[in-house]
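Just so we're clear, the structure is a prediction, and the values are computed from it rather than from any experiment.
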Amino acid sequence: MSIKEQVNHRRTFAIISHPDAGKTTMTEKLLLFGNIIREAGTVKGKKTGKYATSDWMEIEKKRGISVTSSVMSFPYENYYVNILDTPGHEDFSEDTYRTLTAVDSVVMIIDSVKGVEPQTIKLFKVCRMRGIPIFTFINKLDREGKEPLELLSEIEDVLGIESYPMNWPVGMGKRFLGIIDRFNDQFVRYMGDEKEEVVPLGELNKSENPLFASVFDELELLDEAGNEFSAERVMKGELTPVFFGSALANFGVHTFFDTFIRFASPPKPRKTDDGMVSPDTPIFTGYIFKIQANMNPAHRDRIAFLRICSGKFQRGMSVQLTRTGKTINLNQTQQFLASSRETVEEAYAGDIIGIYDPNMYQIGDTLTEGKEQIHYRELPQFPPEMFRKVRVKNVMKSKQFKKGIEQLVQEGAIQLFKQDSNDDVILGAVGQLQFEVFEYRMRAEYNVEIEFTSIGERIPRWLVEQPKDRRLFDSRSLLVKDRYGRYAVLFENDFTYRYFSDKNKDVELIDLFEANDYKSL
Ligand code: G4P
C-alpha cells in the first residue's frame, strides 16, 4: 500500500465523557471487536477486583479514576485504529487537552440518565476549537433515562452543535425494545445477553408493541424538521451523528463503530511554522504531545508519545530533533496496548508511537526525517491556576527529590517555578488532584516524602523583559522563574493584577494562554 492509502485507512480518535458515563466500558467493547482482549475486565474492579485493561497505573487502581491517557492500537477490518484514552476527571483537563491535539476525531459518550454534564462541555469546547468531527454515543439505554428528544435538544443547545440521530430508541429501561437504525432502514431488537436481532423496516410488524406508534411519529418529526445528514458537515465538526445504545450490554456498539469508522476523519494536514504539511508527504514528521516517566516501574523509563503527522516511520531511522538540531536514531519504539507494549517496526501518519526518552525530549518537540526545519504548532500552553510550595521532608533525600521533580514536571501536567527571592520550589497545576498524584508518585516512584504549603489560586503573568526593580513585587505579586528561566508574576487575584498593571504601566505582562508564541520571545 502507498503512504496515501495507509493514511486514508488510519482512524485516530479519543473517547471523551464525564466520569462514569461509560468510557471505559465502551473502550473495552472496541478492544473486544479488535480481538485485542478476550474478556472485558470488569470496570475498575469496584466489585470483582479485576481492572479494566485501559486503567493501568497503580494509582488508577487505588483511586478508581483514569489518571493517564493510554493509547490502544489495533487493526479493524480494513482500517488501523488508534484509540487515545483520556482522563475524564476535570483536574486532568490539561493532559486531556493535549491528547485531543493528537487525534482526528472524537467519540463523545453521554449518559442518557444524566444528559450533558459539565466536564463534557469543557472537553467539547476544545474539540470545537479544533474543528474535529464529533460522534455522540448516548449510553445506558437499558436504564430509565431522559427522553431522546430532550437529549438531542440538550446536545444542540448546551453544546451548540447540530445533531443527526443515526438511530432512534424504542422505549428505555425495562421497556427497551431496541433501536430503529435510520441509516440502514432496519430495526435492531434488544434481546439482552449481548444478543440482537435485525429486522428490515419493511418487514417490521409495527402493531407488535404500542411503543412503535409514538416512535414512528417522532421519526416523522425528525425527517421533516430535523437536520439532514451530511458527511461533509460531519467531517468539519458542524454536525454530530448521534447513536443510542448500551455499552455494558454491548447493544448498538457494533453498528456505531462500523459507521464511525466509515465517516470519521483520516489524518489531515497539520499546521507548522511554514504552512501546512500533508500526511501523505513522504518525509516522516511528528510531534511529542505527552511524556510519561516510569510507565513501567520495574524499568524506570520515560516514554515520549509521538503523533506521526506525515510519512512513514521505520524502526532505526535517523531523525532530527528540530529544537536542538540533534540527530537521533529511533530504535527503541513501541506501540501500546494498555499495559503491554510491542516494538513497532513501521508506522504511518496518524499513528501514535512511544519512543524511549533518555531525558532529551520536551512536550511540543518536533521530529523530522532529514534536514527539514519544521516546527509543529499544535500545543497551546495551559496556564496553571493553583500553586503550592513544595519541599522535601528529609533533606537526605534532596537528590531524589530534585530528580523526581525534574522528571514529573517534564510530563507537562504540573509546572515548575522557583521563587526569585529565595529559590523556593513552587508547583503550579490546573487542578487540585494533580498535586495529590504528584505526591503519590514522588513517594511510590522516587521514595521521597514531600510537604506542600498552599499559596492558593493565582493568576500567572509572564514578564516580557527582565525585572528592573525587584521592590515592585511582594507576596501578593510573587516574582518567580519558570523552568525555562523566564520571569513570571503570580498575582493573588484579579484585583492585585489590575492594580499592579495600572501602577506599573512600563512593566509588560503576558497571558500565556492568549500568547502561544511566547516561547519564541
Ligand atoms: P467511565 O470510564 O466513563 O468513568 O465509566 P465506566 O465505563 O467505568 O462506567 C461507569 C459505570 O456505568 C460502571 O458501573 C459501568 O458498569 C456502568 N455502565 C457502563 N455502560 C453502561 C450501560 O450501558 N448500562 C448500564 N446500566 N450501566 C453501564 P460500575 O463501576 O460497576 O458501578 P456503578 O457505577 O454502577 O456503581
Side-chain angles (χ1 to χ4, degrees), residues 1-14 71 73 79-82 84 97-106 126-133 232 235-237 264-291 304-330 333 335 344 346-355 357 360-381 412 516-520:
M1 257 201 260
S2 67
I3 292 184
K4 192 171 185 147
E5 283 167 320
Q6 289 281 4
V7 167
N8 284 334
H9 285 85
R10 255 54 194 179
R11 293 291 182 267
T12 301
F13 65 98
V71 185
S73 309
Y79 294 88
Y80 196 78
V81 173
N82 297 294
L84 277 70
Y97 297 159
R98 271 191 281 116
T99 300
L100 290 178
T101 67
V103 302
D104 302 307
S105 319
V106 152
V126 179
C127 301
R128 281 288 277 169
M129 248 161 58
R130 302 196 59 237
I132 49 179
E232 202 181 309
M235 199 64 104
K236 286 189 192 151
S265 171
K268 285 192 196 147
R270 290 193 167 237
K271 233 187 262 164
T272 72
D273 283 356
D274 292 326
M276 305 298 273
V277 171
S278 173
D280 52 19
T281 309
I283 296 165
F284 165 88
T285 65
Y287 74 93
I288 290 165
F289 64 95
K290 182 182 173 76
I291 292 176
F305 289 77
L306 180 104
R307 151 87 195 205
I308 305 177
C309 298
S310 71
K312 177 181 179 181
F313 160 81
Q314 271 174 312
R315 192 158 78 92
M317 78 192 299
S318 237
V319 297
Q320 191 201 163
L321 172 58
T322 57
R323 179 174 47 84
T324 61
K326 202 171 165 196
T327 303
I328 301 153
N329 281 331
L330 291 181
T333 45
Q335 254 176 342
V344 52
E346 58 175 54
Y348 294 87
D351 289 338
I352 311 291
I353 56 172
I355 48 187
D357 176 15
M360 179 163 59
Y361 302 115
Q362 287 179 8
I363 284 170
D365 275 351
T366 300
L367 297 184
T368 66
E369 200 176 354
K371 290 273 158 253
E372 295 291 320
Q373 270 300 328
I374 288 176
H375 295 274
Y376 279 100
R377 282 255 162 245
E378 294 289 349
L379 292 172
Q381 287 207 25
N516 281 324
D517 281 343
Y518 183 59
K519 239 184 182 170
S520 57

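To the nearest 0.5 Å, atom CD1 of residue I374 and atom CG of residue L367 are 11.5 Å apart. Put simply, CG on L100 and CZ on F289 are 10.0 Å apart, with the number rounded to the nearest 0.5 Å. For the atom pair CZ (F305) and CD1 (I355), the distance works out to 10.5 Å, reported to the nearest 0.5 Å. Between atom CD1 of residue I291 and atom CZ of residue R98 there is a gap of 8.5 Å, rounded to the nearest 0.5 Å. Rounded to the nearest 0.5 angstrom, R10 CZ and N8 CG are separated by 10.5 Å. With values rounded to the nearest 0.5 angstrom, L321 atom CG is found 8.5 Å from K326 atom NZ.
Of the candidates P267, S278, S2, P267 is the only one forming a side chain to side chain contact (heavy atoms under 4.5 Å, CB included) with V7. Tested against S310, the residues D280, T272, T285 include a single side-chain hydrogen bond (donor to acceptor under 3.5 Å, both in side chains) partner, T285. Considering D351, D104, T99 as possible partners of R307, the one that fulfils the side-chain hydrogen bond (donor to acceptor under 3.5 Å, both in side chains) test is D104.
Side-chain contact annotation: S105 with S265, donor-acceptor N/O pair under 3.5 Å absent.
Checked by atom type and distance alone, the side chain of Q320 pairs as donor or acceptor with a backbone atom of G370 at under 3.5 Å.
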Can K312 and Q6 be said to form a side chain to side chain contact (heavy atoms under 4.5 Å, CB included), step by step?
-> CA-CA 9 Å; K312 177 181 179 181; Q6 289 281 4; over 6 Å; no
Quick one: do Q373 and T322 satisfy side chain to side chain contact (heavy atoms under 4.5 Å, CB included)? Show the steps, please.
-> CA-CA 6 Å; Q373 270 300 328; T322 57; 4.1 Å; yes
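Taking 4.5 Å as the limit, some side-chain heavy atom of R11 sits within range of a side-chain heavy atom of P266. Looking only at side-chain heavy atoms (C-beta outward), R315 and E346 stay at 4.5 Å or farther from each other. Using a 4.5 Å heavy-atom cutoff, the side chains of L306 and F313 are not in contact. Inter-residue side-chain proximity for Y348 and I308 is flagged as unmet; no heavy-atom pair is nearer than 4.5 Å.
Considering all non-hydrogen atoms of both residues, A102 and L84 come closest at CB-CD2, 4.1 Å. Minimum interatomic distance between R323 and H375 (heavy atoms only, all atoms of both residues): N-CE1, 4.1 Å. Among all heavy-atom pairs drawn from Y376 and C309, the shortest one is OH-CB, 3.3 Å. Nearest approach of P133 to K268, heavy atoms of both residues: CD-NZ, 4.3 Å. Residue S318 comes nearest to T327 through the heavy atom pair OG-CG2, 3.7 Å, listed as atom of the first residue, atom of the second, then distance. A pairwise comparison of heavy atoms in A347 and I353 identifies CB-CG2, 3.9 Å as the closest pair.
Counted within 6.0 Å of NZ on K4, heavy atoms from surrounding residues, nucleotides or ligands total 12 or fewer; the atom is thus considered open.
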